[in-house]
Amino acid sequence: MKRIAALALTVVTFATASAQNITINETQMRKLQQAEFFIKNNYVDNLEDEKIVDAAIEGMLKQLDPHSTYIKAKDVEKTNENLNGSFEGIGVQFQMVEDTLVVIKAVSGGPCEKQGIIPGDRIVFVNDSTIAGVKMTNADIMTRLRGPKGSVVKLGIIRPGVKGINNFNIIRDKIPVYTVDASYMVSPGIGYIRIDSFGATTYDEFMTAIKSLKDQGMQRLIIDLQSNGGGYLQTAVRLANEFFPKGEKVLSQKGNKNVNKAEYNYLADGTGTLKDLPVVVLVDSYSASASEILSGAFQDNDRGLIVGRRTYGKGLVQRPIELIDKSVIRLTTAHYYTPSGRCIQKPYEMGNKKDYQKDIEDRLNSGELTNIDSIHFADSLKFYTTHLQREVYGGGGIMPDYYVPLDTTLYSKLHRELSAKGCINAAVLRYMDKNRKDLKKKYKTITDFKSRFQPGDDIFSMLKTEAQKSKVEYKEEDFTAAKSTVGKVVKALIGRDLWEINAYYELYNENNPIYVKGVEVISSEQAVNIMKH
């Protein structure tokens with residue numbers, strides 16, 4: 001992938017060139033230094049230099065766009081780890097239930113799995129710190145569980161059905177962070193891949209999933225980018241490169257006109273192996289940034305069809321700038337444009353992050369999320385796809401080819417409250433503690449589980465108990481009305497416990513209107529014909 005490597009290098013060169021063109025206003029610089037000096041030495045209370053400077057940087061960035069941010073040195077590694085592909089720790093997914101850490105899953109091949117930690121285990125202390133029955137944030141718990149590779153952490157674990165506290169000495173190791181959540185065959189010939197974010201390992205994960213699906217006879221593909229908040233630009237470009245012929249534009253990047261190479265086109269190099277694979281991309285209002293780059297490239301080049309709702313509208317490029325103490329400013333330096341010339345970024349007011357963050361709520365209130373007839377675009381926002389000259393619109397985000405309204409009747413107020421207070425997850429954990437062994441014996445495959453299992457009165461009784469504990473008020477008729485949708489979530493969560501996260505999406509997706517529409521579209525001849533331009 002020489003071309004893609006060159007593209008990544010160009011981004012770095014862009015950053016270097018911009019630094020060379022900076023001119024410093026000495027008067028304003030001295031003004032800042034004077035302010036810091038007099039505040040530090042004359043303020044009524046003692047102040048730390050670090051806090052003053054941090055506040056000054058944050059204050060400057062607040063006057064800019066909503067995505068320019070400051071990350072303190074202590075937070076940089078934690079902020080990046082989900083995209084970098086790994087972190088160092090014990091390798092366990094957990095959930096807090098009644099102030100107790102309950103293991104959901106031990107990462108395959110990780111330190112906890114090797115020592116025999118299993119789903120349902122309760123971790124009650126870490127080294128000398130008791131964490132059960134103590135009000136402790138997830139961040140505080142993560143601090144105790146994570147540590148340098150090779151270091152040892154002592155866990156005290158209570159296991160249902162086993163008396164006393166069991167002690168485990170876990171040697172921390174590198175734990176992979178996967179960004180491809182799920183991949184499976186929807187039906188003969190149709191594959192599905194869900195990407196959670198675009199990180200350092202996403203391309204390799206994606207291509208591994210592609211190989212597996214091809215081995216199972218995949219001829220058409222659904223790429224699920226719902227709620228994918230983005231990630232690395234280079235990863236999105238590298239994935240796009242697999243699908244486009246040589247010279248096809250993936251996106252344009254335009255920055256400060258005074259900077260060398262402020263405009264740059266990202267082009268496919270022709271080495272992709274998936275150029276003849278029909279594609280449908282699923283998106284929603286939380287698909288952002290790199291998700292919009294990929295879906296915009298598919299739509300504008302008439303290479304695939306987009307299904308769902310208008311995407312978030314984040315088309316601003318952030319360049320990370322490391323400061324002397326290893327803190328980082330993520331400064332917006334450019335805009336993204338789709339191949340047809342659309343600006344992905346939705347409108348914003350400089351320094352007004354509050355209204356910007358209310359945009360999704362405003363879309364709901366305006367009817368955009370529930371009724372396509374409420375959506376109108378000005379003629380000035382009209383663009384045309386590069387091959388078939390189909391009409392597409394700018395103004396922020398990617399408007400799908402097939403709009404799927406948000407069905408607000410699917411999730412009642414009671415359902416939302418049960419979810420928000422963790423009642424559903426807690427009930428499933430209690431149910432799995434009691435029934436895990438029997439379920440594993442009864443259902444050997446997810447296909448068997450999918451066709452035969454239905455949540456019974458026992459788990460709904462547990463759910464009512466959890467609702468009472470969390471002081472969720474409801475009428476019996478409200479609970480009866482919510483049982484259908486809640487039961488589908490319960491089934492998916494049980495499937496996750498038995499067969500990991502892939503099973504969750506395979507079960508949950510059957511009730512997701514965007515997914516259902518996506519399967520319909522990819523099954524149609526239009527999904528194939530759009531590639532014959």
Side-chain angles (χ1 to χ4, degrees), residues 94-100 102 104 119-120 135 138 226-227 282 284-286 308-309 358 360-374 403-436 438-439 443 449-498 501 503-517:
F94 67 87
Q95 178 183 330
M96 295 303 295
V97 179
E98 298 178 355
D99 296 331
T100 300
V102 182
I104 299 295
K135 291 290 185 182
N138 280 7
Q226 293 177 87
S227 298
L282 310 183
D284 63 12
S285 302
Y286 297 98
R309 292 183 284 276
K358 284 179 63 229
I360 303 300
E361 180 183 340
D362 292 340
R363 293 188 200 186
L364 179 62
N365 293 334
S366 71
E368 177 186 326
L369 301 184
T370 55
N371 184 1
I372 193 171
D373 293 333
S374 67
Y403 170 86
V404 180
L406 177 67
D407 188 349
T408 55
T409 64
L410 282 177
Y411 301 102
S412 64
K413 180 182 177 182
L414 174 59
H415 186 169
R416 293 195 300 271
E417 192 169 0
L418 290 171
S419 297
K421 293 190 175 181
C423 299
I424 298 175
N425 283 323
V428 169
L429 284 171
R430 288 183 58 203
Y431 178 82
M432 293 305 294
D433 280 346
K434 185 177 180 180
N435 298 283
R436 182 177 284 106
D438 290 340
L439 288 169
Y443 303 103
F449 179 82
K450 186 190 300 186
S451 63
R452 293 199 296 123
F453 177 83
Q454 291 299 328
D457 291 339
D458 50 352
I459 194 167
F460 286 117
S461 176
M462 293 178 182
L463 181 57
K464 287 181 178 180
T465 300
E466 295 300 330
Q468 292 167 2
K469 289 180 182 178
S470 299
K471 298 181 180 179
V472 176
E473 297 181 0
Y474 64 89
K475 298 177 181 177
E476 192 59 37
E477 55 265 33
D478 295 332
F479 194 91
T480 301
K483 280 180 70 173
S484 176
T485 55
V486 171
K488 292 169 183 175
V489 175
V490 164
K491 184 174 180 177
L493 289 170
I494 293 172
R496 178 196 67 180
D497 195 303
L498 295 173
I501 193 68
Y504 173 84
Y505 285 104
E506 190 168 347
L507 292 161
Y508 180 79
N509 279 339
E510 292 185 335
N511 308 294
N512 179 343
I514 291 178
Y515 173 86
V516 172
K517 184 65 177 178

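Throughout, numbering of the chain's residues begins at 1 and tracks the sequence. Values reported hereafter were calculated over all heavy atoms of this structure, with side chains retained and with hydrogens, waters and symmetry mates removed.
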field: Exercise: identify the closest heavy-atom pair between Gly495 and Leu507
entry: CA-CD1, 3.7 Å

- prompt: Is a side-chain donor or acceptor of Asp284 paired with a backbone partner of Gln226 at a separation under 3.5 angstrom?
  reply: no

query: How long is the gap from CD1 on Ile360 to CG on Leu369, to the nearest 0.5 Å?
result: 7.0 Å

message: Please report the interatomic distance CG(Leu364) to OG1(Thr408), rounded to the nearest 0.5 Å.
response: 8.0 Å

field: Nearest heavy-atom neighbours spanning Ser412 and Ala482
entry: OG-CB, 3.8 Å

- prompt: About how many Å separate CD of Glu510 and OH of Tyr505, when rounded to the nearest 0.5 Å?
  reply: 15.0 Å

message: Just verifying a value: how many Å separate Tyr443 OH and Ser451 OG, rounded to the nearest 0.5 Å?
response: 8.5 Å

message: If you compare all heavy atoms of Leu282 against all heavy atoms of Tyr515, which two are closest, and at what distance to 0.1 Å?
response: CD1-CA, 3.9 Å

task: Mark yes when over 12 heavy atoms from residues, nucleotides or ligands other than Glu473 sit less than 6.0 Å from its CD; otherwise mark no.
output: no

query: Hey, does His415 have a side-chain heavy atom less than 4.5 Å from the side chain of Val489?
result: yes

- line: Those residues at least two apart in sequence (or on a different chain) that pass ring pair (Phe, Tyr, Trp, His ring centres under 6.0 Å) with Tyr508 are Tyr504

query: Does CG belonging to Asp407 count more than 12 external heavy atoms closer than 6.0 Å?
result: yes

- line: ring pair (Phe, Tyr, Trp, His ring centres under 6.0 Å) filter on Phe94, not counting sequence neighbours, yields none

Can you give me every donor-acceptor pair (side chain of residues 420-430, partner residue at least two apart or in another chain, under 3.5 Å) with its distance?
unit_1, atom_1, unit_2, atom_2, d
Lys421, NZ, Glu417, OE2, 3.4
Lys421, NZ, Ser470, O, 3.4
Arg430, NH1, Glu466, OE2, 3.4

- prompt: Any chance CZ of Phe453 has more than 12 other-residue heavy atoms, nucleotides or ligands included, within less than 6.0 Å?
  reply: yes

Where Ala467 and Leu418 come nearest, the two heavy atoms and their spacing: CB-CD2, 3.8 Å

task: State the CE-CD1 distance between Met432 and Ile459, to the nearest 0.5 angstrom.
output: 8.5 Å

query: Does some side-chain heavy atom of Val490 sit less than 4.5 Å from a side-chain heavy atom of Tyr431?
result: no

message: According to side chain to side chain donor-acceptor pair (under 3.5 Å), does anything in residues 360-372 pair up with another residue at least two apart or in another chain? List the pairs.
response: Arg310-Glu368, Asp359-Arg363

message: Enumerate the salt bridge (Lys or Arg N to Asp or Glu O under 4.0 Å) contacts for residues 487-498, please, sequence neighbours excluded, ordered by first and then second residue.
response: Arg436-Asp497

field: For Phe479, ring pair (Phe, Tyr, Trp, His ring centres under 6.0 Å) partners two or more places apart
entry: Tyr474

Distance-minimising heavy-atom pair for Arg309 and Val404: NH1-O, 2.9 Å

query: Shortest non-hydrogen contact from Leu414 to Val472?
result: CD1-CG1, 3.7 Å

Rounded distance [0.5 Å steps], CG in Asp457 versus CG in Leu463: 12.0 Å

